[in-house]
Amino acid sequence: MTIRPAREADLAGFLTLASQVEHWFGPMVAEPGFHRAVDDHIRDGAALIAESATAPGILGGLLLGAAPPAYHVHWLVTSEHCRGAGVGRLLMAEALRRYVTGPGTVEVVTFGPDHPGAVDSGARVFYEKLGFEPGEPTDPGPEGGSRQIYRLPVPLPVRQV
């Protein structure tokens, strides 16, 4: 599997991923705002995709925003046929390596504990396994479901001697 910066030609792959999770997040595929967000992240070099030489299409995508010392995972989705296979973990590891410098905090808004996607998607457990800590509830998602902020503290880089 390869993790690489997304290109303009990858928009269709992002839309395919979005179509697989609209039941949790609300409409995206037909939303011009989602298209703009993906295009903006690609243009800014803040979008990553996971792909495989042996599997067609994009296996996962990530959009990240950075205003150091705060970093925000704006969107992270893996293809339904490979969830639980490490794609999301690899995307996050590459995003942290490429874009994040400590000290700081990485934040993501994910499903609240009562949202059906909280269990079905595995998102909360995924972020907790990566070291994110649950924070305060935040505004509901566009579909009306509850949301919660998760944070990952990023320490000061270790200086090589």
Side-chain angles (χ1 to χ4, degrees), residues 1 3 6 10 13-38 40-42 44 46-50 55 57-156:
M1 183 178 330
I3 308 296
D10 294 320
F14 277 96
L15 296 178
T16 298
L17 291 172
S19 72
Q20 296 174 11
V21 295
E22 284 186 317
H23 60 287
W24 291 324
F25 291 108
M28 289 180 282
V29 175
E31 292 296 318
F34 180 72
H35 290 242
R36 268 192 310 279
V38 173
D40 290 349
H41 282 81
I42 289 172
D44 294 344
L48 297 173
I49 65 155
I58 293 175
L59 303 179
L62 181 144
L63 306 176
L64 188 86
Y71 303 88
H72 301 276
V73 177
H74 291 156
W75 196 75
L76 171 59
V77 172
T78 60
S79 179
E80 58 193 357
H81 74 276
C82 63
R83 290 192 188 126
V87 175
R89 181 180 47 76
L90 290 172
L91 281 164
M92 282 298 302
E94 184 62 14
L96 294 174
R97 186 189 73 73
R98 276 181 188 262
Y99 307 122
V100 177
T101 304
T105 304
V106 180
E107 291 187 350
V108 63
V109 174
T110 193
F111 304 116
D114 62 338
H115 191 289
V119 174
D120 294 346
S121 73
R124 292 170 63 87
V125 170
F126 167 76
Y127 289 115
E128 288 169 8
K129 284 183 178 178
L130 293 179
F132 283 76
E133 299 170 357
E136 66 278 7
T138 191
D139 296 334
E143 84 301 343
S146 66
R147 296 291 192 270
Q148 185 172 5
I149 297 173
Y150 269 59
R151 290 185 181 89
L152 176 70
V154 180
L156 188 66

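Residues Met92 and Phe132 form a side-chain contact, since some pair of their non-hydrogen atoms from C-beta on lies under 4.5 Å apart. For the pair Leu130 and Tyr150, the minimum side-chain heavy-atom distance is 4.5 Å or more. With contacts defined as side-chain heavy-atom distances shorter than 4.5 Å, the pair Met28/Leu15 does not qualify. Between Arg147 and Asp139 there is no side-chain heavy-atom pair separated by less than 4.5 Å.
Rounding to the nearest 0.5 Å gives a distance of 6.0 Å between CG of Leu76 and CG of Leu91. How far CG of Leu64 is from NE2 of His74: 7.0 Å, rounded to the nearest 0.5 Å. Note that CD of Gln20 is 13.0 Å distant from OG of Ser121, once rounded to the nearest 0.5 Å. Between the CD1 atom in Ile49 and the CG atom in Leu63 there is a gap of 11.5 Å [rounded to 0.5 Å]. For the atom pair CD of Glu22 and CD of Glu31, the computed distance is 8.5 Å after rounding to the nearest 0.5 Å. Between Tyr71 atom OH and Leu152 atom CG the span is 12.0 Å, to the nearest 0.5 Å.
Leu62 and Phe14 make their closest contact through N-CE2, 4.1 Å (heavy atoms, listed as atom of the first residue, atom of the second, distance). The nearest pair of heavy atoms linking Thr78 to Leu17 is C-CD2, 4.0 Å. The two residues Pro134 and Glu128 have their closest heavy-atom pair at CG-OE2, 4.0 Å. Between Val87 and Cys82, the shortest heavy-atom distance links the atoms CG2-SG, 3.8 Å. Considering all non-hydrogen atoms of both residues, Val29 and Ser19 come closest at CG2-N, 3.6 Å. Nearest heavy-atom pair across Ile3 and Ala50 is CD1-CB, 3.4 Å.
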Contacts table for residues 102-113: side-chain donor-acceptor under 3.5 angstrom, sequence neighbours left out:
{"from": "Glu107", "atom 1": "OE2", "to": "Arg151", "atom 2": "NE", "distance (Å)": "2.7"}
{"from": "Glu107", "atom 1": "OE2", "to": "Arg151", "atom 2": "NH2", "distance (Å)": "3.4"}

Pair Phe25-Trp75, ring pair (Phe, Tyr, Trp, His ring centres under 6.0 Å): steps then yes or no: CA-CA 10 Å; Phe25 291 108; Trp75 196 75; 7.5 Å; no
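The salt bridge (charged side-chain N to carboxylate O under 4.0 Å, His left out) check on Arg36 picks up nothing, with sequence neighbours excluded.
A donor-acceptor contact closer than 3.5 angstrom links the side chains of Glu143 and His115.
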